[in-house]
Every structure is written in C-alpha cells, then in structure tokens.
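Read the numbers this way: they start at 1 and go in the same order the structure lists the ligands and their atoms.
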Amino acid sequence: MTLRTTLDFLLNDWLDTAALTERERFTDHNRETFGAVLDTCERIAREKYAPFNRLADVEEPRTVTEPDGSLRVVLPRATHDAQKAYAESGMLSAAQDYDLGGMQLPYSVEAAANAFFACASVSMGTGLLTTGNANLLMVHGTNMQKEVFAKNEFSGRWSGTMCLSEPQAGSSLSDVATRAVPDGADFESDPLGPRYRLKGNKMWISSGEHEINENIIHLVLAKIPDADGKLVPGTRGISLFIVPKKMVNPQGELTGVRNDVALAGLNHKLGWRGTTNTLLNFGEGKFPVDGQAGAVGYLVGQPGKGLACMFHMMNEARIGVGMAATMLGMAGYYASLDYAKNRPQGRPITGAGKDAAAPQTRIIEHADVKRMLLAQKAYTEGALALELYCARLVDEHHTAGGEAAEEARLLLEVLTPIAKSWPSEWCLEANSLAIQVHGGYGYTRDFPVEQYWRDNRLNMIHEGTHGIQGMDLLGRKVLMEEGKGLQLLAHRMQATIHRSSGIPALAAHAKALGRALQDVSTATQQAWSTGVPTEALANAVPYMQAFGHTVLAWIWLDVAACALDNDPKQTELSTQGRVGCARFFFHYELPKIGAWLGVVQSRDLTCASFPEGAF
Ligand SMILES: Cc1cc2nc3c(=O)[nH]c(=O)nc-3n(C[C@H](O)[C@H](O)[C@H](O)COP(=O)(O)OP(=O)(O)OC[C@H]3O[C@@H](n4cnc5c(N)ncnc54)[C@H](O)[C@@H]3O)c2cc1C
C-alpha cells in the first residue's frame, strides 16, 4: 500500500470527501480536482523535497556576519527551490477564497496533500507557519492588515512566524515579558493598525530568520504596561502584534528601512535541522527605526486578547504537528518495510528446529519483525486516519452550518489534544521500531531511519508539551460545557460499536471498545470525584494515553468496518491489511489502557508526593 492509496481510501471511501462538493463553497470541486491537487503535491514532494532530506539535515543552517553587524542565515539552495515550488503550487492559500488567489479547497484535502511533503522532508518546510499566520490575520486582522500582510504571505512573497516563547516563558505564557508601548502621540492612526514599540527576547522561533523570501512577518505576543508602567500578570495582559522584519507601507511595498528585530543566534537541534530555529531580540536598538530603539509592531485585535487570537493559529498548528509526527512515522515504516523485504538473516523455525544448511530467510518472515512492522502500520495509518478525521471536522465546523457545525466544534475541542499528542508519542515509537527492524544499520547515518526519529522527537515538545496537552484534556476539554464534547465523542463511538457488532470479524473488537469507553468514562469521574485538581491532574498524561488509545481503537474499528463494507470477503490485500491492523490494535494495544487508567482512577500520588530529596 502506498501513501497515495491509503489517502485515497481514507478520503474517498471512509470520509466521503466528495460529499463536501454539494456545499456552496466547494461546488466547483469534484473527486478529480481533489485528485489533481494530490497528484501535484505528490510530484513536487518527490522531485523537490525527498531527494534533499538528508542534505537539509547535514547542511544545518549557519550564519554569516554582514558588514552592518547583522547575522545572515545560509540555507541549502535545495530548500529555497523546494519552498519556491510549494508556493508556486498555490498550496499556501489552498483553503482561501478565489478572490484572494485561493482554491477554496476543503481543509481535509489540503491536509492530505500536505502529507506528501511531511513524508518527503518535514524539516525543509512548506509554509505551515506562514499559512497559519495569514489565516489568523484573515480572522482577527483589519482589512488593511489582511491586504498588506496576509495576502503577501499567501502568495509566498513573504513568510510568517509565531513568536510566543521566551527564555523564561515556555509552557507558562502568562510570564511573557516582552513589552509593547504606544509609538508616539499618533500611534492609533497608523493605517497598518495601532503602532507600538516592542522590546523583549523571543526564544525558539522557527523560521525566524532566513532569506527564502523578501520579508518575514512575525506575530508576536507582548504585554502593554498599565498606567504605572507595570505588566499585568497572567494571560489577560497579553496582546498580539504584527512585527515585520522589514518595514512596509500601506501599499505593501518595502520602505527600505529595516525593523529593530535582530537575530541573536541559531539553536542547534537534535533533528528538524532543515528549519532555522532562532533567538530573536526585539527592540534592542541594533536597527533603530526613525532613530529610536524598539521594534515597530501593529496591534492585531483588541489589547489583552492576544492569546485568544493566537489560539486560532495554535489549534491549526496542533493538527499540523500531529500530521507531521504521523508522516515521519510513516516514512520510517516504508523504509523499514523495504529493508525487511530485502535483508536476509537467520532461518525459519520449523517443526524440526532450524536447518543451518538452508539458505537464510528474509527478516520479514520472522514473527517478531512482522510484529514491529504491524505496530508501525497500525500506529501510523491509524494516526493518519485520526488527523484526516479531525481535518474533516474542521470542514464541518466551517461549512456544515447549524447543529452539525456546532457538534464539529465541540468534537474538535476534545480531539485536538489527542490529534497533537497521540502521533507525537506513538509515531515516534514507530520510528524507534523502524530503527530496530534495521538492526545496527538503523543506528547509522547510512539509512534514513535515525533522522526520522530525531526529527520526530520534537513533536512531544513544541505546540504545548505532552504534559500540558494531558492537563488540557483532563483539566479542561472533557469538562467544558458540562462534558458535552466527551458525550458527543462517546455517541460517535457507540454508533461505530453498533455498526461493527454485526460484522463477525469485528464483533469482539466492538465489545472491547464498549468496555474501554466505559472505563475511560469511569476514570474521568473518579479523577474528579474529590474535586481537587492536584489529585485529578497528577496522572493527566496516563489519562491522555488511555484516552488516545481508546480513540485510536475506535478509529481502527470504524476504518475496518468501512473496508469490510466494500470488500466483505477480504479479497483485497488492502482490506486484509486494515482488518489486520484493527485486530493488532485491539489485541496488543488497547489492553494497555488498564494500567494507565488504574492510577488515574485511584488518584495515585506516587509521583506527585515523591520527596524531592529522595530522587
Ligand atoms: C525546535 C523547536 C521549535 C519551536 N518553535 C517555536 C516557534 O516557532 N514559536 C514559539 O513561540 N515557540 C516555539 N518553540 C517553543 C516550544 O513551544 C517550547 O519549547 C514549549 O512550549 C516548552 O517550553 P519550554 O521549552 O520552555 O519548556 P518548559 O515549559 O520549561 O517545560 C519543561 C518540562 O516541564 C513540564 N512542565 C512545564 N510546566 C508544567 C506544568 N505547569 N505542569 C506540568 N508540567 C509542566 C513540561 O511538560 C516539560 O516536560 C519551539 C521549540 C523547539 C524545541
């Protein structure tokens, strides 16, 4: 099975993406136009990304000091070419309106098309941050901000970043210390938005400096001091600003003045080395604007509402992270499958023991190697289905209208922490298994699998760490709006259970899913039964692991039911593959939830109460 055949099955047979074309927004589309987008992306990924994945890893970004003292970032030529080809394909604005140069493509098709790039070379990058940045401005920006900044990002002329983290404020964004003060008496009358001067340091900023395109549009979280010059504690005081690297006028032209944003240095990372990661100093006076220190920034939305605006970008980004993790896992799966089919080693165990004189067998014939391959297939194809399911919910939320749109919004609230975290953990495990299948060769740089693992290791860290996602799920998402999101999810799972109960190959799995759902529900209640957050949340990650495995069991059951609907006799190998993955997941994975839920249910404080000195 290729990535394309898997995507086609999930989009066409399972999610019935063609049904979206009955909605007004998508009437110009049909299965062929969706297929053409996938064809184009598959080709560009194959030609411009895959051949250079190792090069981007080896030729890490480096800096050159310019005569004015600034640092210029050097990236391989291949990265410039790849991103240019991506921008020219129109994918940066794929989901946007026609009059913005977009294709009015459903998000589910856009996400599927982007999967090819993440599989070919995640770190060379496409423009996920740029698209997310511009999408945010389309929702929260003024007409002028959309026209000047978002439009030029969608066209690929400029690129975008998100600048949240600071050295002292990572998970805890309420501690952001970048300050923004009004820039002059006329600060409110700037056509590009209320104008401020920003000072502060932003850490870990991806694509924060490069010369791939003409300008970089930073979206920066900063606090506006109160009348006493003090920063409001907590997230309430956080506002959002557009800070261009190079100053622009309302016509969208560069003015020739550089903004006061300086690259302090590059972070040298374990993986994802094709993307620059930067420490940026805002407003330190290295590039004064109008003779004054302070980076010029334009307020987006209302003061104090910056984090809420940024969340618009972060939710999209979280599905994007889940997809990247999935595709890295899948790249490793394909590489190790190919290796296992070709590597002769050992002999089969027969009734009479081993025959040392017999030729060696290929390692794919060993049961344990098959176990490792099947685990990878189940993790990565299951994760892909989950990501596309969530992408389809985004389409429902935006275009279904009425109750269906509202239902999709609530389901997304509950599923987003899983969509981000589950692939980050289990597709990383898939990468580890891909190395294991290669034996010693997998541990060398002669094969690609070690790079996939290194690249994937990031995904449990950024866009909200694993721990933060767990707390978001158990502390907020399953409780919000009186648990309505969780109830809706349970409803959908029950529908799949009902449907599968009548299918002999799936009936036992359906029962097991019913029990798992009940166990998750009981654990959720027990965790909160004393109403003490420190007790409830002490085991938020095991809770998220159990919740995630239950979601994935449901996804696999639903996918297998769909495959069997089309091919009840399992004559196709692809059907056998899907039903086999469901079986693997129910036999080898779902039983793990017992241990995870046990500590949640008993509000086990073994970790939380462990004395620091005893470590
Ligand atoms: C390669 C890379 C790219 C990145 N790109 C960007 C970017 O483009 N823009 C951007 O703004 N940021 C970016 N980040 C930053 C990233 O989002 C942060 O690293 C992340 O939010 C964690 O913050 P931190 O590193 O300060 O770790 P910390 O917040 O210090 O966390 C350290 C550990 O403590 C745990 N922890 C922290 N607080 C709690 C708590 N309250 N309860 C329980 N556990 C807790 C965490 O789960 C984690 O395991 C990037 C990071 C990396 C490594």
Please report whether [atom] has a protein non-hydrogen atom at a separation of less than 4.0 Å.
atom: atom 42 (N) of ligand 1; result: yes
atom: atom 32 (C) of ligand 1; result: no
atom: atom 35 (C) of ligand 1; result: no
atom: atom 17 (O) of ligand 1; result: yes

Whether over 12 other heavy atoms sit under 6.0 Å from Gln302 CD: no
Over 12 foreign heavy atoms within 6.0 Å of CZ, Arg62: no
is_close_aromatic(Tyr298, Phe241), centroid dist under 6.0 Å: no
Option of least heavy-atom distance to atom 12 (N) of ligand 1 (set: Ala538, Gly208, Ser165): Ser165
Option whose closest heavy atom lies nearest to atom 29 (O) of ligand 1, chosen from Gly170, Ser171, Cys163: Ser171
Does [X] reach ligand 1 with a nitrogen or oxygen that is under 3.5 Å from one of the ligand's nitrogen or oxygen atoms?
X: His462; answer: no
X: Met162; answer: yes
X: Leu164; answer: yes
X: Ser206; answer: yes
X: Ser172; answer: no

Scan side-chain atoms only and decide if [X] and [Y] contain a donor-acceptor pair under the 3.5 Å cut-off.
X: Gln545; Y: Trp596; value: yes
X: Thr326; Y: Tyr379; value: no
X: Glu535; Y: Thr530; value: yes
X: Asp175; Y: Ser172; value: yes
X: Arg603; Y: Ser529; value: yes
X: Trp204; Y: His462; value: no

Spacing of OG1 belonging to Thr550 relative to CG belonging to Leu597, to within rounding of 0.5 Å: 6.5 Å
Considering only the protein, which heavy-atom contact is closest to [atom], and what is its distance?
atom: atom 47 (O) of ligand 1; result: Thr465 OG1, 2.6 Å
atom: atom 3 (C) of ligand 1; result: Asn277 ND2, 3.1 Å
atom: atom 6 (C) of ligand 1; result: Trp204 O, 2.8 Å
atom: atom 20 (C) of ligand 1; result: Ile461 O, 3.6 Å
atom: atom 39 (C) of ligand 1; result: Ile468 CD1, 4.0 Å
atom: atom 53 (C) of ligand 1; result: Leu458 CD1, 3.5 Å

Where ligand 1 meets Glu463 - atom numbers and elements under 4.0 angstrom, heavy-atom basis: 17 (O)
Lys269 neighbourhood, listing ligand 1 atoms whose heavy-atom distance to it stays under 4.0 Å: 1 (C)
Ligand 1 contact by Lys202, heavy-atom criterion under 4.0 angstrom: no
Sub-4.0 Å heavy-atom approach of Met471 to ligand 1: yes
Side chain, backbone, both or neither: His466 near ligand 1, heavy atoms under 4.0 Å: neither
side-chain contact (heavy atoms from CB on, under 4.5 Å) between Val73 and Glu211, worked out: CA-CA 7 Å; Val73 172; Glu211 302 209 325; 6.0 Å; no
Minimum heavy-atom distance Arg318-Gln469, with the two atoms named: NE-NE2, 3.4 Å
Minimum-distance pair of heavy atoms, taken over all atoms of Pro225 and Arg179: CG-NH2, 3.6 Å
